[in-house]
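Heads up, the thing below is written out as structure tokens.
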Protein chains: 2
Amino acid sequence: MRVSREQAALNRERIVEVASKLFREKGYDGIGVADLMKGAGLTHGGFYGHFDSKEDLLAEACGKAMDYSVAQWRSRLERHPEDPLGTMARAYLNETHRDSAGKGCMVAAMGPDVARAGEAVKNALTRGVKEQLALLAARLPGTPQAQRQRAMAAYAAMLGGLVMARAVNDPELSKELLEAVVSQLEQA
Amino acid sequence: MRVSREQAALNRERIVEVASKLFREKGYDGIGVADLMKGAGLTHGGFYGHFDSKEDLLAEACGKAMDYSVAQWRSRLERHPEDPLGTMARAYLNETHRDSAGKGCMVAAMGPDVARAGEAVKNALTRGVKEQLALLAARLPGTPQAQRQRAMAAYAAMLGGLVMARAVNDPELSKELLEAVVSQLEQA
DNA sequence: ATTATCTATAGATCTATAGATAATGC
DNA sequence: ATTATCTATAGATCTATAGATAATGC
């Protein structure tokens with residue numbers, strides 16, 4: 001039953017990976033430790049050898065998901081320096097992202113959950129958000145202050161557009177919301 | 001123990017009222033039927049005389065909270081027809097709203113929860129969102145299409161700004177986010 | 001007689017822990 | 001000998017229901 005130190009480290013990584021997906025899909029209270037472990041191919045008793053608590057895992061899962069998002073933002077912005085807002089808006093506000101929360105933006109999937117969580121969780125998210133804002137701001141025109149303000153407003157619009165598009169029942173309205181924010185950011 | 005038909009109707013209303021507050025504060029899975037009933041001054045066994053299920057109550061709580069928000073939007077927009085975006089932005093994006101989720105926007109507090117809920121819940125939210133968008137759009141300049149697009153983009157920016165401001169750990173960043181979106185909407 | 005609410009509980013789940021097991025790493 | 005994982009379970013919670021109680025509304 002025991003595995004090598006190396007395999008244990010891989011198991012731990014896989015738990016975080018699975019958790020970052022399932023938390024985003026089902027919410028923090030929507031998935032239990034036993035099912036998270038099952039998703040990683042382990043039994044739930046082993047969980048507490050890897051983490052102190054479920055919320056500890058959430059903090060790590062947030063960190064991992066944010067790191068991945070930051071890398072995505074960086075690569076997109078580097079590939080399209082001529083149109084940062086339009087590029088990010090189209091990548092963020094589309095039906096694929098809307099319909100696959102488990103692979104998408106942690107803030108959009110878990111914002112209210114994180115707001116209710118402890119400091120470690122919020123720290124992980126905050127660090128990622130700051131990086132994203134810095135990446136985007138650096139590509140925008142204007143004074144440093146204007147860059148920062150525009151980056152924040154753009155991120156807010158994308159985030160809110162995605163949250164609304166997911167919460168709403170009417171497929172036409174949902175699509176319209178995505179497109180409206182994209183259009184607004186393309187012409188900004 | 002039994003109360004009058006009239007009192008029972010008031011009790012039912014109070015359950016919905018309490019639920020709309022506690023769901024927004026703690027999330028759908030963050031508060032149980034027993035504590036909701038205790039919040040309304042009743043025992044939890046009586047719950048199922050009023051509602052078929054907890055999710056049924058969520059749908060009603062969403063409807064009630066959205067109705068209240070719609071009335072607030074309407075009154076604000078009527079009082080300040082000269083600056084709809086700035087007025088709404090300042091009313092929505094401030095520290096009071098950020099720090100009292102239980103009394104605030106249902107979409108910002110429960111967006112992801114609603115996205116995972118059943119059709120009745122989504123219907124209640126969608127109906128409210130449509131009314132809010134119509135109210136705001138009617139006050140904006142441009143063609144009907146432009147009005148609608150601007151209303152959607154503005155609502156998205158407000159919503160996203162609030163969600164981020166709540167999720168983030170750094171008080172300065174949180175305030176900056178609120179102010180950045182307000183500034184953007186004031187000059188739009 | 002009807003019914004709104006109560007007490008009590010079924011049955012399922014949840015986080016976390018205790019102790020056994022068996023393979024690794026010294 | 002150490003330790004990663006397992007089985008089993010404690011103890012708390014959760015939604016929902018059953019049946020008793022007592023006041024309303026006919």
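Protein chains get the first letters and strands the later ones, always in sequence-line order, with residue 1 at the start of each.
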Please report, rounded to the nearest Å, how far the C1' atom of C:dT17 is from the CG atom of A:D52. 13 Å
From the options A:Q72, A:E78, A:R79, select the one residue that forms a side-chain hydrogen bond (donor to acceptor under 3.5 Å, both in side chains) with A:S75. A:R79
What's A:G45 touching, base or sugar-phosphate or nothing? Going by heavy atoms closer than 4.0 Å. base
What nucleotide, of C:dA16, D:dG25, D:dA16, holds the atom closest to the side chain of A:S53? C:dA16
Could you check whether A:R98 pairs with A:E95 (Lys NZ or Arg NE/NH1/NH2 to Asp/Glu carboxylate O, under 4.0 Å)? yes
Can you tell me whether the side chain of A:R2 and the base of C:dT21 have a donor-acceptor pair closer than 3.5 Å? no
Here the distance between atom P of C:dA23 and atom CD of A:E6, to the nearest Å, is 18 Å
Taking CZ in A:F51 as the centre, count heavy atoms belonging to other residues, nucleotides or ligands within less than 6.0 Å. Is the count above 12? yes
Which listed nucleotide (C:dT3, D:dA16, D:dA4) is nearest to the side chain of A:A8? D:dA4
Separation of A:F47 atom CZ from D:dA8 atom C1', in whole Å? 19 Å
Residues B:R148, A:E176: salt bridge by 4.0 Å N-O rule: yes
Tell me which nucleotide among C:dT15, C:dT7, D:dA16 gets nearest to the side chain of A:K54. C:dT15
Gap between atoms NE2 and P, on B:H44 and C:dT9 respectively (whole Å): 12 Å
Please state how far atom CD1 in B:I15 lies from atom P in C:dC6, giving the value in whole angstrom units. 9 Å
Encoded 5' to 3' (Watson-Crick or G-U under 3.5 Å; [ ] crossing; | other strand), DNA chain D becomes ||||||||||||||||||||||||..
Name the closest nucleotide to the A:T43 side chain, picking from C:dC26, D:dC6, C:dC6. D:dC6
Start with the C-alpha gap between B:W73 and B:Y155, add the side-chain angles, then the distance that decides, and say whether ring pair (Phe, Tyr, Trp, His ring centres under 6.0 Å) holds. CA-CA 11 Å; B:W73 283 43; B:Y155 195 173; 4.7 Å; yes
In terms of the angle between their ring planes, are B:Y92 and B:H97 parallel, tilted or perpendicular, with boundaries placed at 30° and 60°? perpendicular
Could you tell me whether the side chain of B:L77 reaches within less than 4.5 Å of the side chain of B:T87, counting heavy atoms only? no
Rounded distance in Å - OH (A:Y48) to C1' (D:dT5): 15 Å
For atom CG of B:D29 and atom C1' of C:dC14, their distance in whole Å: 12 Å
Categorize A:S4 for me: base, sugar-phosphate, or nothing, with a 4.0 angstrom heavy-atom threshold over every strand shown. sugar-phosphate
In this structure, how many angstroms lie between the P atom of D:dA23 and the CG atom of B:N11, rounded? 16 Å
